[in-house]
Chemist: 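I'd like to ask some things about the structure below.
The basis for the numbers below is simple: all heavy atoms, side chains too, and nothing from hydrogens, waters or symmetry mates.
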Amino acid sequence: MRRIVYSVAASLDGYIADAGGGFDWIAMDPDIDFAALMARFDAFVMGRRTWEATRSMGGGRAMPGTYVVSRTLKAEDHPGITVLGEGWREAVSALRGEAGKDIWLFGGGKLFASMLDAGLVDSVEVAVVPVLLGGGVPLLEPPAARARLRLTEHRLYPKSGIVRLEYEVVRREP
């Protein structure tokens with residue numbers, strides 16, 4: 001089964017975007033291999049707000065395997081992506097069962113909270129950027145259920161001070 005990975009940059013105080021939705025505070029470290037990161041995935045799941053932010057910055061070309069969870073977007077208005085509406089949980093669960101690489105849950109603390117609560121997130125990978133934003137879009141938007149994590153890997157990038165943490169989501173007992 002394919003794994004769903006929430007891979008995101010966050011400020012030290014736990015925000016994935018500033019109060020205006022910006023992320024110009026994310027340091028680019030030359031030692032982070034973004035090509036290798038992208039090569040791990042062939043599907044991207046994101047919420048509507050993340051999709052719209054990506055498009056507004058000129059990155060809105062649909063990549064193959066782009067799935068956008070939204071109750072308001074119309075599939076016919078967005079060729080090249082798959083819009084997942086009310087049945088998104090079942091659709092994402094089915095996507096996990098298809099052959100392919102891992103699935104990147106991209107951006108969005110609200111969608112992350114919903115997918116985590118539904119048992120659809122396998123791994124949480126956070127690049128902690130050494131900046132304090134004092135507010136913004138939280139890593140995990142409340143209300144959210146408690147989830148146990150197990151550290152599987154960590155790495156310090158000395159040039160930028162970024163600390164990359166990788167956790168496995170510990171499944172709840174039925």
Chemist: Please list all pairs passing the salt bridge (Lys or Arg N to Asp or Glu O under 4.0 Å) test where one or both residues lie in residues 5-27, with sequence neighbours left out.
Modeler: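 Passing the test, one end in residues 5-27: no pairs.
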Chemist: Under the salt bridge (Lys or Arg N to Asp or Glu O under 4.0 Å) rule, what pairs show up with a residue in residues 127-139, not counting sequence neighbours?
Modeler: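 Qualifying pairs, neighbours excluded: none.
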Chemist: Not counting sequence neighbours, which residues clear ring pair (Phe, Tyr, Trp, His ring centres under 6.0 Å) with F41? List them please.
Modeler: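 With sequence neighbours excluded, F41 shows a ring pair (Phe, Tyr, Trp, His ring centres under 6.0 Å) to W104, given in chain and number order.
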Chemist: Sequence neighbours left out, cut at 3.5 Å: what donor-acceptor pairs do the side chains of residues 83-103 make with other protein atoms?
Modeler:
residue: E86; atom: OE2; partner: R71; partner atom: NE; Å: 3.3
residue: R96; atom: NH2; partner: D122; partner atom: OD1; Å: 2.7
residue: R96; atom: NH2; partner: D122; partner atom: OD2; Å: 2.8
residue: K101; atom: NZ; partner: A39; partner atom: O; Å: 2.9
residue: D102; atom: OD1; partner: R3; partner atom: N; Å: 3.3

Chemist: Using the ring-ring contact (aromatic ring centres under 6.0 Å, His included) rule, collect all pairs that involve residues 110-146, keeping only residues at least two apart or in two chains.
Modeler: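 Checked against ring-ring contact (aromatic ring centres under 6.0 Å, His included) - neighbours excluded - the pairs reaching residues 110-146 are Y6-F112.
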Chemist: Can you see which heavy atom on P158 is nearest to which on L156, and at what distance?
Modeler: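 Shortest heavy-atom separation between P158 and L156 comes out as CD-O, 3.2 Å.
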Chemist: Please examine the side chains of L151 and L149, heavy atoms only from C-beta on, and report whether any two atoms are closer than 4.5 Å.
Modeler: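 Not touching, per the 4.5 Å side-chain cut-off.
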Chemist: Who are the side-chain hydrogen bond (donor to acceptor under 3.5 Å, both in side chains) partners of R2, not counting sequence neighbours?
Modeler: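 For R2 the side-chain hydrogen bond (donor to acceptor under 3.5 Å, both in side chains) partners, ignoring immediate neighbours, are D42.
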Chemist: Side chains of R171 and R148, heavy atoms from C-beta outward: is any pair under 4.5 Å?
Modeler: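 Result no, sub-4.5 Å side-chain heavy-atom pair not found.
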Chemist: Are the side chains of R48 and V69 in contact, using a 4.5 Å heavy-atom criterion?
Modeler: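 No, side chains not in contact.
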Chemist: Evaluate the side-chain proximity of V68 to L73: yes if any heavy-atom separation is below 4.5 Å, no if none is.
Modeler: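 L73 vs V68: side chains touch.
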Chemist: Minimum heavy-atom separation for L111 and M46, please, with both atom names.
Modeler: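 The answer is CD2-C, 3.5 Å.
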Chemist: Could you measure the distance from the OH atom of Y167 to the OG atom of S123? Nearest 0.5 Å is fine.
Modeler: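 Here the interatomic distance stands at 11.0 Å.
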Chemist: List the residues meeting side-chain hydrogen bond (donor to acceptor under 3.5 Å, both in side chains) with S160, not counting sequence neighbours, and say none if there are none.
Modeler: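 Per chain and number, S160 pairs via side-chain hydrogen bond (donor to acceptor under 3.5 Å, both in side chains) with D29.
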Chemist: Between T152 (side chain) and E166 (backbone), is there a donor-acceptor pair under 3.5 Å?
Modeler: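 Indeed, once roles are kept as given, a pair shorter than 3.5 Å links the two residues.
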Chemist: Assess whether side-chain contact (heavy atoms from CB on, under 4.5 Å) is satisfied between F44 and M38, documenting all intermediate values.
Modeler: CA-CA 10 Å; F44 307 88; M38 292 294 293; 3.8 Å; yes
Chemist: Side chains of residues 124-142: which donor-acceptor pairs under 3.5 Å do they make with residues two or more places apart or in other chains?
Modeler:
residue: E125; atom: OE1; partner: R40; partner atom: NH1; Å: 3.0
residue: E125; atom: OE1; partner: R164; partner atom: NH2; Å: 3.0
residue: E125; atom: OE2; partner: R40; partner atom: NH2; Å: 2.9

Chemist: Tell me whether M28 is reachable from F106 by hopping between hydrophobic residues (I, L, V, M, F, W, Y) whose side-chain heavy atoms are closer than 4.5 Å.
Modeler: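 Yes, one cluster joins them.
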Chemist: Name all residues meeting the side-chain hydrogen bond (donor to acceptor under 3.5 Å, both in side chains) criterion together with S70; count only those two or more places apart in sequence or in a different chain, and write none if there are none.
Modeler: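 Only T72 meet the side-chain hydrogen bond (donor to acceptor under 3.5 Å, both in side chains) criterion with S70.
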Chemist: Identify the heavy atoms of L116 and V121 that sit nearest to each other, and give their distance.
Modeler: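 L116 and V121 have their closest heavy atoms at N-CG2, 3.7 Å.
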Chemist: Hydrophobic clustering (ILVMFWY, side-chain heavy atoms < 4.5 Å, transitive) - are V169 and M1 grouped together?
Modeler: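 As far as the 4.5 Å side-chain criterion goes, V169 and M1 are not connected within one cluster.
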Chemist: Check the pair L105 / M115 against side-chain contact (heavy atoms from CB on, under 4.5 Å), numbers first and verdict last.
Modeler: CA-CA 9 Å; L105 172 53; M115 288 184 64; 3.6 Å; yes
Chemist: Please identify each residue that fulfils side-chain hydrogen bond (donor to acceptor under 3.5 Å, both in side chains) with D77, with sequence neighbours left out.
Modeler: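 D77 satisfies side-chain hydrogen bond (donor to acceptor under 3.5 Å, both in side chains) with no residue once adjacent residues are dropped.
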